[in-house]
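Taking it in order: structure first as structure tokens, then the write-up.
Just so it is clear: chains get the letters A, B, ... in the order the sequence lines come, proteins before strands, and each one is counted from 1.
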Protein chains: 2
Amino acid sequence: MKSTIKDVAKKAGVSIATVSLVISDNDRISTETKKKVLKVIKSLNYYPSRSARDLVSKKTGNIGFILTDDHFLRTEPFYTRIFLGSEFEARDGNYYILLTTVRSNYSKNDPLPRFVLDRSVDGIIIAGKVPNTLIDRILEQKIPIVFVDYTTNANCCSQILIDNIHGGILATDHLIELEHKNIGFIGGDINHPSISDRLNGYKQALEKAELNQKRI
Amino acid sequence: MKSTIKDVAKKAGVSIATVSLVISDNDRISTETKKKVLKVIKSLNYYPSRSARDLVSKKTGNIGFILTDDHFLRTEPFYTRIFLGSEFEARDGNYYILLTTVRSNYSKNDPLPRFVLDRSVDGIIIAGKVPNTLIDRILEQKIPIVFVDYTTNANCCSQILIDNIHGGILATDHLIELEHKNIGFIGGDINHPSISDRLNGYKQALEKAELNQKRI
DNA sequence: TTGAAAGCGTTACCAA
DNA sequence: TTGGTAACGCTTTCAA
């Protein structure tokens, strides 16, 4: 049976309030009691119940992570890496990540991710391009969003972006320096800001070099 | 502000007990009240609080998912697919998946995944080969495990396996039928049951065909 | 520095 | 068929 804060309190001979304070590392607890309680906690292998804690603190301790299924299944595990990185950081902050994929052709009638419906997350990370309808509907729910590698005109949210324009310039410049004359551009979904930015950088570099440009 | 079961009860003119019964679709509620309550629920955009629910029901509504980081980051998104599939099914059952990766060289001193420490999951899925130390330590905590594409001698748990031996036979047979004479075998970690099984199938097929075998 | 007790939003039991 | 209420495990005032 999992031990509760009561068990700890009883065994340590203090009140549950004290135990709670020790757990939150409150400074108005004497070093002595703190030490004592801590020892009992360890001996009982006690961990606070997340649900009880969440219930009173009105937090969920979860962060939602949304990407489209095709992004996630890409052979190039770019988004998988971002997901993993998020998980690492979340762990540090004592958060869990709830991942869900949505169809890239998400439509108005598709249901919202469950964690937004039942408010199981304190905030949401959106990685890569997702349908705008979805974003709007989440925004309606007043859940904070952070974008990674995607930008939307809604200037609602923090965005973590790559300098794709500069990347495009650098890549193209490199080829120009090698004295290549016919430099093409292969991109994916041109509607994705990252791709169009790279194309942009590519064009800028070419213009600067006054070369012909060819687009594949 | 998120509405609670109390708000629903008040607006519907019933007790919270009744609302709770309606939510769990209990049959001893008259169709009439049920309809009424359901309408209020919708109008209030009410969703039960997960933490409150978990607290009393002593469930977490979460399933842990463990794999090693290198498995997850593989270019071939095999395990990513398994993860996604699990997520789909979990969704159906109103569960969330908590994913965590562990280092493939997990050692005794590394911490257990947080969700096992604080018991944030009702059960765990382990995909692919993970260190045995880890498995043992989870088992100690009496958390149910299901293995996917990995088997351990501990016959503690359900296991979902691929018939790799037969797969190895099929592949080798195919090449034999094409009259190839020098058939090699390229595998990954030979300690992974899946790989050694395939090698096994390969050998069996060769023996049956009385060919020389070569191993790369 | 510590403790008592209210309250968080549910579920489940027992009455009505 | 419905309602009252204890209980879940914790945090957080307010007192002591």
Side-chain angles (χ1 to χ4, degrees), chain A residues 1-41 44-62 94 96 114-115 117-122, chain B residues 1-41 44-62 94-96 115 117-122:
Chain A
M1 196 49 203
K2 213 192 159 206
S3 45
T4 74
I5 199 173
K6 269 188 198 166
D7 304 324
V8 176
K10 200 191 301 178
K11 183 158 178 189
V14 297
S15 75
I16 64 167
T18 304
V19 177
S20 178
L21 288 178
V22 170
I23 291 169
S24 56
D25 203 25
N26 195 302
D27 18 334
R28 47 181 229 249
I29 293 286
S30 72
T31 336
E32 202 183 351
T33 9
K34 191 179 284 187
K35 217 176 270 177
K36 185 173 58 180
V37 172
L38 249 22
K39 219 170 84 185
V40 175
I41 287 183
L44 249 37
N45 196 26
Y46 165 75
Y47 276 86
S49 143
R50 253 184 25 110
S51 38
R53 193 174 252 189
D54 291 348
L55 178 56
V56 35
S57 66
K58 289 180 168 314
K59 293 218 163 199
T60 68
N62 296 326
N94 252 276
Y96 287 111
R114 193 159 49 96
F115 56 58
L117 286 179
D118 67 8
R119 287 290 201 305
S120 287
V121 296
D122 298 328
Chain B
M1 194 51 202
K2 213 193 160 206
S3 44
T4 74
I5 198 174
K6 271 188 196 164
D7 304 325
V8 176
K10 200 190 300 178
K11 183 159 178 189
V14 298
S15 75
I16 64 166
T18 305
V19 177
S20 179
L21 288 177
V22 170
I23 291 169
S24 57
D25 204 24
N26 195 302
D27 18 333
R28 46 181 230 248
I29 292 286
S30 71
T31 337
E32 203 183 351
T33 8
K34 191 179 286 185
K35 216 176 271 176
K36 184 174 58 183
V37 172
L38 249 22
K39 220 169 85 185
V40 175
I41 287 183
L44 249 37
N45 195 26
Y46 165 76
Y47 276 86
S49 142
R50 254 187 20 113
S51 38
R53 195 175 249 189
D54 291 348
L55 177 56
V56 36
S57 67
K58 295 193 165 302
K59 293 219 162 199
T60 67
N62 296 326
N94 252 276
Y95 271 86
Y96 288 111
F115 56 58
L117 286 179
D118 66 7
R119 288 289 203 304
S120 287
V121 295
D122 299 328

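- Residue B:Lys58 has a polar side-chain atom (N or O) positioned under 4.0 Å from OP1 or OP2 of D:dG9.
- Taking NZ of B:Lys2 as the reference point, atom CG of B:Leu44 lies at 11.5 Å (rounded to 0.5 Å).
- Note that the OH atom of A:Tyr46 and the NZ atom of A:Lys6 stand 12.0 Å from one another [nearest 0.5 Å].
- Spacing between atom CG of A:Asp54 and atom C1' of C:dG9 amounts to 12 Å, rounded to whole angstrom units.
- To the nearest 0.5 angstrom, B:Lys35 atom NZ is 14.5 Å from B:Ile29 atom CD1.
- Between the CG atom of B:Leu44 and the C1' atom of C:dG9 there is a distance of 15 Å, rounded to whole Å.
- Comparing A:Tyr47 and B:Gly13 by the nucleotide of DNA chain D whose heavy atom lies nearest to each, the residue mapping closer to the 5' end is B:Gly13.
- Note: CG (A:Asn94) to P (D:dC10) measures 15 Å, nearest angstrom.
- Look at B:Thr18 and you won't find any side-chain N or O under 4.0 angstrom from OP1 or OP2 of D:dT2.
- For the pair A:Asn26 CG and C:dG3 P, the interatomic distance rounds to 14 Å; values are reported in whole Å.
- Computed from coordinates, the A:Lys10 NZ to D:dG9 P distance equals 12 Å when rounded to whole Å.
- Inspection of the A:Ser120 and A:Asp118 side chains reveals an N or O donor paired with an N or O acceptor under 3.5 Å.
- In this structure, B:Arg119 is not positioned above the aromatic face of A:Tyr47 in the sense of NZ or CZ being under 6.0 Å from the six-membered ring centre and within 45° of the axis.
- Between B:Ser15 and D:dG3, a side-chain N or O to OP1/OP2 separation shorter than 4.0 Å is present.
- For B:Lys59 and C:dT10, the NZ to P distance is 19 Å, given to the nearest whole Å.
- In this structure, B:Ser51 reaches neither bases nor backbone, as no heavy-atom distance under 4.0 Å exists between it and the strands shown.
- Mapping B:Ser49 and A:Ser30 onto DNA chain C by nearest heavy atom places A:Ser30 at the nucleotide closer to the 5' end.
- Once rounded to the nearest 0.5 Å, the distance linking CZ of B:Arg50 with OG1 of B:Thr60 reads 7.5 Å.
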Side-chain donor/acceptor pairs under 3.5 Å, residues 7-14 of chain B, sequence neighbours excluded:
{"residue": "B:Asp7", "atom": "OD2", "partner": "B:Thr4", "partner atom": "N", "Å": "2.7"}
{"residue": "B:Lys11", "atom": "NZ", "partner": "B:Ser43", "partner atom": "OG", "Å": "3.3"}

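- Residues B:Asp27 and B:Leu55 both approach DNA chain D. Their nearest nucleotides, taken by heavy-atom distance, put B:Asp27 toward the 5′ side.
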Reading nucleotides 11-16 of chain D 5' to 3', which nucleotides get B (base under 4.0 Å from a protein heavy atom), which S (sugar-phosphate only), which -? BBBB--
